[in-house]
Every structure is written in C-alpha cells, then in structure tokens.
Engineer: 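What follows is a single structure, and I will ask about it in a moment.
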There are 2 protein chains.
Amino acid sequence: MLYAGFMSAAPPSAPTPPEPVEPPQLLKLGLDDEPCLRADAARNRARLLEAAAGLVAARGADAVTMEEVAAAAGVGKGTVFRRFGDRTGLLMALLDHSEKKLQAAFLNGPPPLGPGAPPAERLRAFGRAALRRTVEDLKLQLAAEPDAGRRFTVPPYRVRHHHVALLLRQAVPDADCDVLAHTLLAQLDPALIHHLMHQCGMPPQRLEDAWADLVDRITGTPA
Amino acid sequence: MLYAGFMSAAPPSAPTPPEPVEPPQLLKLGLDDEPCLRADAARNRARLLEAAAGLVAARGADAVTMEEVAAAAGVGKGTVFRRFGDRTGLLMALLDHSEKKLQAAFLNGPPPLGPGAPPAERLRAFGRAALRRTVEDLKLQLAAEPDAGRRFTVPPYRVRHHHVALLLRQAVPDADCDVLAHTLLAQLDPALIHHLMHQCGMPPQRLEDAWADLVDRITGTPA
DNA sequence: ACACAATGCGGACCGGGGTCCGCTTTGCAG
DNA sequence: CTGCAAAGCGGACCCCGGTCCGCATTGTGT
C-alpha cells in the first residue's frame with residue numbers, strides 16, 4: 001500500500017464534534033484515499049477534476065478561476081471548496097496521480113530507485129526521477145505550490161522528506177538528517193527549478209548533475 | 001556603498017515610455033535607495049511605514065489590512081500600492097533596515113563575517129548571522145515572503161545568493177556554485193525555520209549546528 | 001510671480017478566493 | 001416502502017488585494 005494519495009477528500013473535517021476518538025495510527029503520513037464519499041459527492045468530485053484538468057490544459061492553471069471550474073462541472077462553487085479545501089487543494093489533486101506513481105516507484109519499485117540499492121545510489125536516482133517529473137509539468141506544479149506556511153506540512157512533501165531522511169540516516173549516520181533532508185529537497189522545489197530553467201536558462205541536465213554532485217558531497221560517496 | 005536597500009520606491013515604472021535609455025549599469029543587484037521622491041510623497045512614505053510598523057507590532061502582520069494601514073497613515077489606499085507595489089513590498093520595506101545592516105556586515109564588516117577570513121569560515125559566520133536575524137522577527141519575515149514566482153528574484157535574495165556563490169567559488173572551485181548557493185540558502189528560508197522551530201520544536205542552536213555541518217560537508221573543511 | 005508639465009493622490013471600483021446557511025439528496029434502519 | 005438523521009449542495013455574500021482615472025500638489029523654467 002502506498003503512503004499517500006493526498007487531499008483526496010475531507011479537508012476541513014467537522015469542527016463541532018471535538019474529536020471522535022482518533023483511530024490509533026499516529027503519523028499517518030498521507031491521507032486516506034477516499035473515505036467513502038456519498039454517491040453524488042463522488043460523482044461531483046470526478047466531474048470537477050475532469051473540468052479542472054480541461055480548463056488548466058486549455059488556458060494554463062493561473063488563468064482558471066474556481067468559479068469557472070465549478071460552472072464547467074455543472075456544480076456550485078461551494079462544492080469545489082468543500083471537496084478540495086482551497087485552490088491549492090484542487091490543483092494538488094490534479095497532480096495526485098503522477099505523484100502517487102513516483103511514490104510507488106521509490107517506495108516499492110525496482111532498484112536503484114526502490115529498495116535494494118545502496119542508499120547513496122537511491123538518493124541519486126530519487127533526485128533524477130523527481131526532477132524529471134517536476135519538469136514535465138512545471139507550470140501546474142508551480143501554481144499548485146501551497147503558501148509558505150504550509151510548504152512543509154503538505155502530505156507529498158512529508159512523504160518525500162521522510163524517504164530522503166531515511167536514506168540519509170543510512171548513508172551518513174553522523175549528521176542531522178532531518179534538517180539535511182529539507183536542504184536536499186530544496187533543490188527539487190518547483191519554484192527553484194522554474195527560476196533556474198526559465199530565468200537563468202539552465203538546461204535540465206545541469207540540474208540533474210548538480211543534484212548528483214550535491215549527494216556525493218554530502219554522503220562523501222563519489223559515485 | 002551597499003548593494004541593496006530593496007523596494008524603496010518605483011515599483012511599477014511608467015509603462016508607456018518604452019525605455020528612456022537604461023543607465024549603463026547592468027545587474028544592479030539592488031534598487032536605488034530613494035530616487036528623489038517629491039516632498040509630499042516622501043512624507044507619506046514615512047507615515048505609511050510608521051503606521052504599518054505600529055499595526056504589525058500591535059496585531060501581527062497577517063491580521064493587518066492594506067486599507068487599515070492607509071487609514072492609519074491618513075492616506076488613500078492607492079497611495080500605499082503606488083509606493084510599495086503590493087502587500088509584500090510594504091512588508092519587505094519594514095524589514096529593509098535590518099536587512100541592510102546584515103548586508104553591510106557581510107560585505108564590508110570585520111571578519112569573520114566580512115572580508116579577511118577564509119571563505120569557509122565566512123560562510124559559517126554568514127549562516128549564523130542570517131539565522132539569528134531571521135529568528136528575531138520570524139513572523140514578519142514569514143508574512144513578507146513573496147509568492148513562489150518571485151522568491152528568487154527579489155533583491156535581498158539576489159544579494160545573498162551572489163555573496164554565497166562568490167564564497168563557494170573560492171572554497172570549492174570545482175562545483176556548480178550557482179546552484180549550490182541556492183541549496184545553502186534554502187536552509188535559511190524563513191518558512192523552513194518556522195517549520196523546524198515551531199512545528200518540530202527544534203531549538204535555534206540545532207539549526208546553527210546544522211548549517212555549520214552542511215558548510216563543512218560541502219566545502220570539505222571540517223572547521 | 002506665474003504658468004504649466006510632471007508627479008502624486010485617493011477613493012470608487014473590480015475580481016476572485018473563501019464562507020455560510022437554508023434546502024435537497026442519500027442511504028440506512030425498521 | 002417509509003421516515004429521518006446525516007451528508008452534501010449551491011449561490012448569495014463578504015473581504016481584501018489590486019487597479020484606475022479625474023483632481024490636487026509640486027517645483028521648475030521664465
């Protein structure tokens with residue numbers, strides 16, 4: 001089972017009932033995939049995703065308005081927000097599929113990305129894979145970036161961080177791997193990728209090389 | 001002369017006159033300090049900053065509305081935006097003084113922060129200084145964070161990047177220092193600091209240590 | 001002193017994200 | 001099949017950041 005299909009439903013959760021009991025699973029890194037939506041809700045959710053995907057593809061993410069998406073899906077604005085929480089939530093849901101594929105690859109897939117290869121090599125592979133996936137649809141990825149306050153709490157980031165920190169602990173046990181993992185991940189930030197590629201004109205290859213070099217320096221494992 | 005007092009005025013610049021001639025200074029990393037504001041404009045600017053500072057101190061940056069600031073300064077809303085471009089611009093202006101002090105310190109100040117010490121040591125000092133300054137008023141710093149699209153183009157960031165890249169080139173000539181500098185700087189990002197301190201409960205000291213360790217690993221200079 | 005650009009001013013206005021609440025739909029229990 | 005709570009719906013509404021444009025203030029050249 002995968003860690004996280006993120007933001008598939010239930011963003012705000014009922015406010016008044018203080019806490020039913022909280023099922024005994026701490027640090028559940030991702031969110032449940034579909035907490036049993038009611039029939040109509042599920043249908044609307046699908047329609048919304050389809051409509052959103054269409055509009056985004058046609059006109060670019062940041063030229064699309066929430067109200068438009070709602071209208072295109074034949075649904076009220078409130079429904080969009082109830083289902084996806086906020087604009088970022090909707091955009092992230094659009095990326096969910098591809099993100100889950102990547103997660104599957106580095107959690108359970110074949111080496112060198114998945115288990116079986118030495119940690120440093122897995123790290124290198126991870127960066128390469130993540131980088132390529134990000135470059136694929138940078139624009140959307142960029143538009144989906146949550147505001148500064150939540151960048152590090154959003155499930156997909158947490159999964160990546162958890163993974164990288166784990167590998168780091170194996171590769172360099174004598175370091176502050178939790179912090180270091182954030183630093184590594186920063187080099188995969190869509191906003192940075194965008195800046196380096198579109199404003200500084202760097203080719204993707206250079207970014208991949210820089211990642212590999214960084215991993216080498218940190219793990220002290222020169223390939 | 002310092003590099004950058006950022007966003008002191010003239011955010012949009014006239015649209016119709018295509019380009020007067022563009023004075024022959026490329027890559028002027030910061031913006032001019034005060035391009036000779038008209039008397040009333042200067043007065044209003046000062047009032048606005050004072051009002052903003054007061055409100056922010058009293059109620060926290062993100063509970064303050066642009067209209068409120070304008071009102072408190074006895075000025076129209078339009079004036080705020082003309083002077084500071086947007087909300088982020090105003091908030092950044094509030095931080096300008098402290099940022100300029102830091103800049104002065106690492107550009108012209110005494111070693112180990114300023115010129116005179118070996119690059120790796122200057123890097124360590126830089127991180128420590130930047131970290132402390134950021135922790136000082138994290139909240140404001142966080143609220144002033146520009147949106148993802150501009151994080152890396154905003155003058156203060158560019159100055160820091162330029163500086164770190166320079167030191168890196170001296171310390172590790174055989175690396176992609178431009179990219180590496182971004183990675184280093186990511187560890188000083190207010191949003192990350194906030195996350196690590198307030199959501200993960202790390203003490204500031206740990207962040208300073210992590211920075212020092214990172215610099216050591218990258219420069220290969222174990223203090 | 002005066003005229004007249006240029007610069008700045010301010011508040012009405014707009015658009016879009018997010019909320020709210022009375023109504024409808026669903027689906028389960030009997 | 002029916003009744004009834006719970007879950008979902010939707011669009012009017014609010015709020016705030018950002019824009020616009022006719023009017024007022026400067027300060028400069030004569």
Engineer: Of B/Gly76 and A/Arg43, whose nearest nucleotide on DNA chain C comes first from the 5' end?
Structural biologist: B/Gly76
Engineer: Do A/Arg158 and A/Thr153 have side-chain atoms, one donor and one acceptor, less than 3.5 Å apart?
Structural biologist: no
Engineer: Using whole Å, what does the distance between atom P of nucleotide C/dA12 and atom CZ of B/Phe81 come to?
Structural biologist: 16 Å
Engineer: Within the distance-only criterion (no hydrogens, no angle test), does the side chain of B/Arg59 pair as donor or acceptor with the backbone N or O of B/Ala63 below 3.5 angstrom?
Structural biologist: yes
Engineer: Rounding to a whole Å, what distance do you find between B/Glu68:CD and C/dG10:P?
Structural biologist: 18 Å
Engineer: What is the separation between atom CG on B/Asp40 and atom P on C/dA6, rounded to the nearest whole Å?
Structural biologist: 17 Å
Engineer: Closest nucleotide of DNA chain D for B/Gly78 versus for B/Ala39: which of these residues is on the 5' side?
Structural biologist: B/Gly78
Engineer: Considering just the side-chain nitrogens and oxygens of B/Thr65, establish if one lies under 4.0 Å of OP1 or OP2 belonging to D/dC15.
Structural biologist: no
Engineer: Got a salt bridge between B/Lys139 and B/Asp62, using NZ or NE/NH1/NH2 to carboxylate O under 4.0 Å?
Structural biologist: no
Engineer: Is a donor from one side chain sitting under 3.5 angstrom from an acceptor on the other, for B/Tyr157 and B/His182?
Structural biologist: yes
Engineer: Is there a donor-acceptor contact under 3.5 Å linking the side chains of A/Arg133 and A/Gln141?
Structural biologist: yes
Engineer: Counting just side-chain N and O atoms, does B/Arg87 come under 4.0 Å of either OP1 or OP2 of D/dG17?
Structural biologist: yes
Engineer: Could you state the CZ-C1' distance from A/Phe84 to D/dC9, rounded to the nearest angstrom?
Structural biologist: 15 Å
Engineer: Send over the distance from B/Asp62 CG to D/dG17 P, rounded to a whole Å.
Structural biologist: 11 Å
Engineer: Look at B/Asn44 and C/dG8 and indicate whether a side-chain polar atom (N or O) is within less than 4.0 Å of OP1 or OP2.
Structural biologist: no
Engineer: It should be established whether A/Arg82 places a side-chain nitrogen or oxygen under 4.0 Å from OP1 or OP2 of nucleotide D/dC9.
Structural biologist: yes
Engineer: Whole angstrom is fine here: how far is it from CZ in B/Arg38 over to P in C/dA5?
Structural biologist: 16 Å
Engineer: Rounded to whole Å, how long is the line connecting atom CG of B/Asp86 with atom C1' of C/dG15?
Structural biologist: 17 Å
Engineer: Can you check the A/Arg83 CZ to D/dA7 P distance for me, whole Å?
Structural biologist: 12 Å
